[in-house]
Trainee: 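Can you keep this structure in mind? I'll have questions shortly.
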Amino acid sequence: MIDIDKYKTIALERLSPIKPIDDKTIAKKDFLFSAVRSDSGRKLTDYYLVYFLFADLLGFKNLGQFEKIAWSFPIDYNGKAFLIEHRKFGVGVFVQDKEKDEVMAEEITKKINSAIKSIKKYYDYIAEQAVLSSKFNVVNNNRQLFQRFDYLLKLYKEEYNKYIDNKGKTEKITGKSEYGEYMTIKSLDFEFKQNSNWLAISCIESFFSWTEHLFIHLAIIQNGLCDGEKISTLIGDEWKKKFKTAISMESKESQQFYNELIIVRQQLRNFIAHGSFGKDGNAFRFHSGAGAVPVIMSHKRKKNKFSLQGTLSFNEQSVIDLIERFVEFLWNSESGPAMHYTQKCSLPTILSYASDGTYETLSKEMDLMVEFSEKIIHDFDTAANMDW
């Protein structure tokens, strides 16, 4: 618990002489409807920080919602009325006369921003309490992350098809040097093979990046994870923990996907992610009578910490095929409704719907989830347009 009064005093000192309006505050009769946005007020920091300052910490009167206005705090600055409002095009300081009041609007803006900076620990406390009480939404980046994966996947397929079309083909190249004419044989498929391999690695990395994010949302939507602290912990956990929390391991199909993908994750993705050194001594070679021998730790952690293995190699086409089959599995399995909500509709995941069982009910029927998603989208559009 923090000393709220302490931060209230600090904020008021930074804001002075800003105070709530009273019967001595000078304002036009129609000020609430004729106030105009100041240029300086556009420099106010994030709208929610401004709101918490005036509403939660200081208890200024909020006039509430109006058409295209989310909230409105009338303030007195040196005896004159101003409005701090969050309108459709952002938060701002609204004045009675733009030419005459612009200087004071700039002063108000600086004082508000200064007050907000001075009470950072108060905002940290608000955020901490929201997590502890599980009163938050989880931002959804699934669509963008998948689009990156899909883009790289298409590039890989293009290069791989070029490799297949030119596989085994060669080209004779002749030239001259000081020693006379020479001829070399160029493999036409080599460059395409190399490019497709590089793109496959990038594609695989983007797949794991997407699923790291996706699994958090699936765990909340279809498996009822609604504890803020547990969600925060899960975000920092390993990929395999996220998989098992999001995807039911009861079916043989999901178990098989897990077993195969975790091998790709451990043996390939982790190797590349650590600069091709891996994190288990993959790049070490020791001297022996047989020459330089690779020393690669066994990811299975058997009795012997180190084991002799060959260099890293993989069939990129089989790995890509595995990933594509898993994506299809997500859409056609019991995860389908949750995928519609979080992936197709790209909606934020709302913990209150997980805690009250709404998501659990909707995850059983695609039609119910589609209808619910459309309603949420409509509500968000209404809120964004401030059409109250």
Trainee: Give the cluster check for I112 versus L57: same hydrophobic cluster or not, with ILVMFWY residues linked at side-chain heavy-atom distances below 4.5 Å.
Mentor: yes

Trainee: Of the non-hydrogen atoms in P337 and S363, which two are nearest, and what is the gap between them?
Mentor: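 Here P337 and S363 meet closest at CG-O, 3.3 Å.
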
Trainee: Quick check: F60 with F73 (ring centres under 6.0 Å apart)?
Mentor: no

Trainee: For side chain to side chain donor-acceptor pair (under 3.5 Å), just list the numbers for T25 and D22, CA-CA rounded to whole Å, side-chain angles, deciding distance to a tenth of an Å, and then say yes or no.
Mentor: CA-CA 6 Å; T25 306; D22 55 34; 3.2 Å; yes

Trainee: Between K162 and E159, is there a side-chain N and carboxylate O pair less than 4.0 Å apart?
Mentor: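 Between E159 and K162 there is a salt bridge, with a charged N closer than 4.0 Å to a carboxylate O.
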
Trainee: Can you give me the closest heavy-atom contact between S254 and M249, atom names plus distance?
Mentor: OG-CA, 3.6 Å

Trainee: I'd like to know if the side chain of N142 reaches the main chain of L214, judged simply by a donor and an acceptor atom lying under 3.5 Å from each other, with no hydrogens or angles considered.
Mentor: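 Indeed, once roles are kept as given, a pair shorter than 3.5 Å links the two residues.
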
Trainee: According to a hydrophobic-cluster definition based on side-chain heavy atoms being under 4.5 Å apart (Ile, Leu, Val, Met, Phe, Trp, Tyr only), do L63 and I69 belong together?
Mentor: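 They do share one cluster, since a chain of ILVMFWY contacts under 4.5 Å joins L63 to I69.
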
Trainee: Is any side-chain N of the basic residue among E212 and R265 closer than 4.0 Å to the acidic one's carboxylate O?
Mentor: yes

Trainee: Strictly below 4.0 Å, N to O, side chains only: are K98 and D39 in salt-bridge contact?
Mentor: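 Salt bridge: yes.
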
Trainee: Taking N166 for the side chain and K169 for the main chain, is one N or O donor matched with an acceptor at less than 3.5 Å?
Mentor: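 No; zero donor-acceptor contacts below 3.5 Å.
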
Trainee: Cut-off 3.5 Å, no hydrogens considered: what does the side-chain donor-acceptor table look like for residues 144-155, sequence neighbours left out?
Mentor:
residue: R148; atom: NH2; partner: S209; partner atom: OG; Å: 3.4
residue: D150; atom: OD2; partner: K154; partner atom: NZ; Å: 3.3

Trainee: Has the side chain of R37 got a donor or acceptor atom that lies under 3.5 Å from a matching backbone atom of G90?
Mentor: yes

Trainee: Please verify the inter-ring angle class for F215 with F326; under 30° counts as parallel, over 60° as perpendicular, anything in between as tilted.
Mentor: perpendicular

Trainee: Quick one: does Q96's side chain have a donor or acceptor within less than 3.5 Å of a partner on I26's backbone?
Mentor: yes

Trainee: Between E360 (side chain) and A354 (backbone), is there a donor-acceptor pair under 3.5 Å?
Mentor: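 Here the side-chain-to-backbone pair does not exist.
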
Trainee: With ring centroids as reference points, do F257 and F329 lie under 6.0 angstrom apart?
Mentor: yes

Trainee: Do E85 and S72 have side-chain atoms, one donor and one acceptor, less than 3.5 Å apart?
Mentor: yes

Trainee: Does atom CD (E171) have a neighbourhood of more than 12 heavy atoms from anything else shown, all under 6.0 Å?
Mentor: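 Counting neighbours around CD of E171, more than 12 heavy atoms of other residues, nucleotides or ligands fall under 6.0 Å, so yes.
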
Trainee: Determine, stepwise, if the pair T45 / N113 fulfils side chain to side chain donor-acceptor pair (under 3.5 Å).
Mentor: CA-CA 6 Å; T45 189; N113 287 340; 5.1 Å; no

Trainee: Could you please spell out the steps behind the side chain to side chain contact (heavy atoms under 4.5 Å, CB included) verdict for K8 and L58?
Mentor: CA-CA 6 Å; K8 184 175 181 179; L58 302 180; 3.6 Å; yes

Trainee: Got a donor-acceptor contact below 3.5 angstrom from the N332 side chain to the E328 backbone?
Mentor: yes

Trainee: Give a yes or no on whether the backbone of I262 and the side-chain of K240 come within a donor-acceptor separation of less than 3.5 Å.
Mentor: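 Pair absent, no side-chain N/O of K240 close to backbone of I262.
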
Trainee: Mind jotting down which residue pairs meet the ring pair (Phe, Tyr, Trp, His ring centres under 6.0 Å) criterion with at least one end in residues 21-48? Sequence neighbours excluded, please.
Mentor: Y47-H86

Trainee: Just by distance, do the side chain of H217 and the backbone of V139 share a donor-acceptor pair under 3.5 Å?
Mentor: yes

Trainee: Check for a donor-acceptor pair, side chain of S38 on one end and backbone N or O of V93 on the other, with a separation under 3.5 Å.
Mentor: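 Such a contact is found between S38 side chain and V93 backbone.
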
Trainee: Please report the C-alpha distance between V50 and W71 in whole Å, then the side-chain angles of each, then the deciding distance to 0.1 Å, and finally whether the side chain to side chain contact (heavy atoms under 4.5 Å, CB included) criterion is met.
Mentor: CA-CA 11 Å; V50 177; W71 44 260; 3.9 Å; yes

Trainee: Would you name the heavy atoms of L218 and A338 that are closest together and state the gap between them?
Mentor: CD2-CB, 3.7 Å

Trainee: Please walk me through it: do Y258 and E253 pass side chain to side chain donor-acceptor pair (under 3.5 Å)?
Mentor: CA-CA 9 Å; Y258 173 80; E253 191 174 13; over 6 Å; no

Trainee: Does F136 share a hydrophobic cluster with I221, counting links as ILVMFWY side-chain heavy atoms below 4.5 Å and allowing steps through other members?
Mentor: no

Trainee: Keeping the roles fixed (side chain from E334, backbone from K364), state whether a donor-acceptor pair exists under 3.5 Å.
Mentor: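 No: the side chain of E334 does not pair with the backbone of K364.
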
Trainee: With no hydrogens and no angle check, do the side chains of Y359 and Y341 hold a donor and an acceptor under 3.5 Å apart?
Mentor: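 Yes, because at least one side-chain N or O of Y359 sits under 3.5 Å from a partner of the opposite role on Y341.
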
Trainee: For A246 and N223, which heavy atoms make the closest approach, and how far apart are they?
Mentor: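 So the minimum-distance heavy-atom pair works out to O-ND2, 2.9 Å.
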
Trainee: Specify the closest pair of heavy atoms between Y163 and D189, including all atoms of both residues, with the distance to one decimal.
Mentor: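 The answer is CD1-O, 3.6 Å.
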
Trainee: Are K19 and I75 close enough that some pair of their side-chain heavy atoms sits under 4.5 Å apart?
Mentor: no

Trainee: Please determine whether salt bridge (charged side-chain N to carboxylate O under 4.0 Å, His left out) holds for the pair E316 and K193, giving the CA-CA distance in whole Å, both sets of side-chain angles, and the decisive distance to 0.1 Å.
Mentor: CA-CA 10 Å; E316 64 262 31; K193 174 64 173 175; 3.3 Å; yes

Trainee: For the pair I204 and I320, evaluate side chain to side chain contact (heavy atoms under 4.5 Å, CB included) and give the outcome as yes or no after the intermediate values.
Mentor: CA-CA 7 Å; I204 293 166; I320 294 297; 4.3 Å; yes

Trainee: Look at K80 together with D101 and state whether they make a salt bridge at an N to O cut-off of under 4.0 Å.
Mentor: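 Salt bridge present between K80 and D101.
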
Trainee: Check for me, please, whether L199 and V319 land in the same ILVMFWY cluster - side-chain distances under 4.5 Å, paths through other members count.
Mentor: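 Cluster IDs for L199 and V319 match.
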
Trainee: Restricting to salt bridge (Lys or Arg N to Asp or Glu O under 4.0 Å), what partner residues turn up for E106, sequence neighbours left out?
Mentor: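 By the salt bridge (Lys or Arg N to Asp or Glu O under 4.0 Å) rule, E106 matches K110.
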
Trainee: Within the 4.5 Å heavy-atom criterion, are I4 and Y125 side-chain neighbours or not?
Mentor: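 Sidechains of Y125 and I4: in contact.
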
